[in-house]
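Following: one structure in structure tokens, then a few remarks.
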Amino acid sequence: MIRAGRSHLVRTLGDLAAQQGVSSQRYRKLKPYEAAGFPPRISSARARTRLYDGEQVDAYLLGKPVPTLPERDDDNDLLDRQECAAELDVSPRSWDAYKSHPLLTGDMVKVGGVEHWPRGIVHEFHNSRPGKVLNRQDRTTTAAAPPVRHPVDGIVTPDIPPVPALVRGERYGWRTATSRRHPLTKGVALPPDGDGIRYLTTGTTPPPDALITARTT
């Protein structure tokens, strides 16, 4: 990341090559930035463009102690694509979709040809998003499913409050399997009507009027 107030010190490999008086191709071939003691890159580990802090590089080249960068996070720190994704605990591809949000586009800056966003804006965007259910793989947002009771006798019953018109102990439901691989009646016989069970439809989705009738009759 680029620490707050240090964007003017950022240098690319091309900048470092010019500082040493060699071509970028020659500099990349020699790889002096991999020598022991050379200041670490300030861009994220998987970023395509390497970025370095110019003050640190100058001190190294002059044989002086390399100054340390601020360790405390600041809302004005600039984060690249990988770092923004890590900050929100999502994948970089998810961040690519998020970054078109107006709150983020207005504060995006390019440093060394690389897109960056202020840490505070990334958090503001995160806090402005409506509450959603997060999945385990990428923590992307999906609408929460309505609560459903456990299947009883092969029938899924909706979690709806009872109404006085219903007969005590009577259950209404419908079958849910739709795949050809696992047909509704494969290997088992459907429970017959009676014993508190009455089917609302022979298919997988009961018509609305059947549900209304079931609750009012």
Study note, to complete from the structure: All heavy atoms of V66 vs all of P39, minimum pair found to be CG1-CG, 4.2 Å
**Study point:** Atom pair NE2/CE of H101 and M108 - distance to nearest 0.5 Å
**Key:** 15.5 Å
Check your understanding: Are H123 and E87 close enough that a side-chain donor and a side-chain acceptor fall under 3.5 Å?
Key -> yes
Check your understanding: Applying the 4.5 Å side-chain criterion to the ILVMFWY set and letting contacts propagate, would I42 and L79 be lumped into a single cluster?
Key -> no
Point to revise | Pair R41, S43: side-chain N/O donor-acceptor within cut-off below 3.5 Å | key: yes
**Study point:** Nearest-0.5 Å distance that lies between atom CZ in F125 and atom CG in D107
**Key:** 13.0 Å
Review point. Which atom names give the shortest non-hydrogen contact between L103 and I121, and what distance separates them?
Key: O-CG2, 3.6 Å
Exercise for review: Kindly say whether P118 contributes a backbone atom to a donor-acceptor pair with the side chain of D77 at under 3.5 angstrom?
Suggested key: no
Practice item. Work out which heavy atom in W95 is nearest to a heavy atom in V122; give both atom names and the distance. Key: CH2-CG2, 4.1 Å
Show every donor-acceptor pair shorter than 3.5 Å between a side-chain atom in residues 18-36 and any protein atom, with sequence neighbours excluded, or say none if there are none.
{"residue": "Q19", "atom": "OE1", "partner": "R11", "partner atom": "NH1", "Å": "2.9"}
{"residue": "Q19", "atom": "NE2", "partner": "D58", "partner atom": "OD1", "Å": "2.8"}
{"residue": "S23", "atom": "OG", "partner": "R26", "partner atom": "N", "Å": "3.0"}

Check your understanding: Between atom OG of S128 and atom CG of L104, what is the distance when rounded to the nearest 0.5 Å?
Key -> 8.0 Å
Point to revise | Under 3.5 Å donor-acceptor, Q82 side chain and S44 backbone | key: no
Review point. Is L51 reachable from L9 through a run of I, L, V, M, F, W or Y residues, each pair having side-chain heavy atoms under 4.5 Å apart?
Key: no
**Study point:** Backbone N/O of D80 and side chain of E83: donor-acceptor pair under 3.5 Å
**Key:** yes
Point to revise | Distance-minimising heavy-atom pair for A59 and P65 | key: CB-O, 3.6 Å
Exercise for review: Side-chain contact test, heavy atoms from C-beta onward, threshold under 4.5 Å: evaluate it for R6 versus D53 and give yes or no.
Suggested key: yes
Practice item. Output yes when D75 and R119 qualify as a salt bridge under the 4.0 Å nitrogen-oxygen rule, no when they do not. Key: no
Check your understanding: Side-chain heavy atoms under 4.5 angstrom apart, residues restricted to Ile, Leu, Val, Met, Phe, Trp, Tyr: same cluster for M1 and L69?
Key -> no
Exercise for review: Look at the rings of Y52 and F38 and say which category their plane angle falls in: under 30° parallel, 30 to 60° tilted, over 60° perpendicular.
Suggested key: perpendicular
Check your understanding: Are D74 and R3 ion-paired here, with the side-chain N under 4.0 Å from a carboxylate O?
Key -> no
Exercise for review: Scan I2, V114, L78 and name whichever one has a side-chain contact (heavy atoms from CB on, under 4.5 Å) with V109.
Suggested key: L78
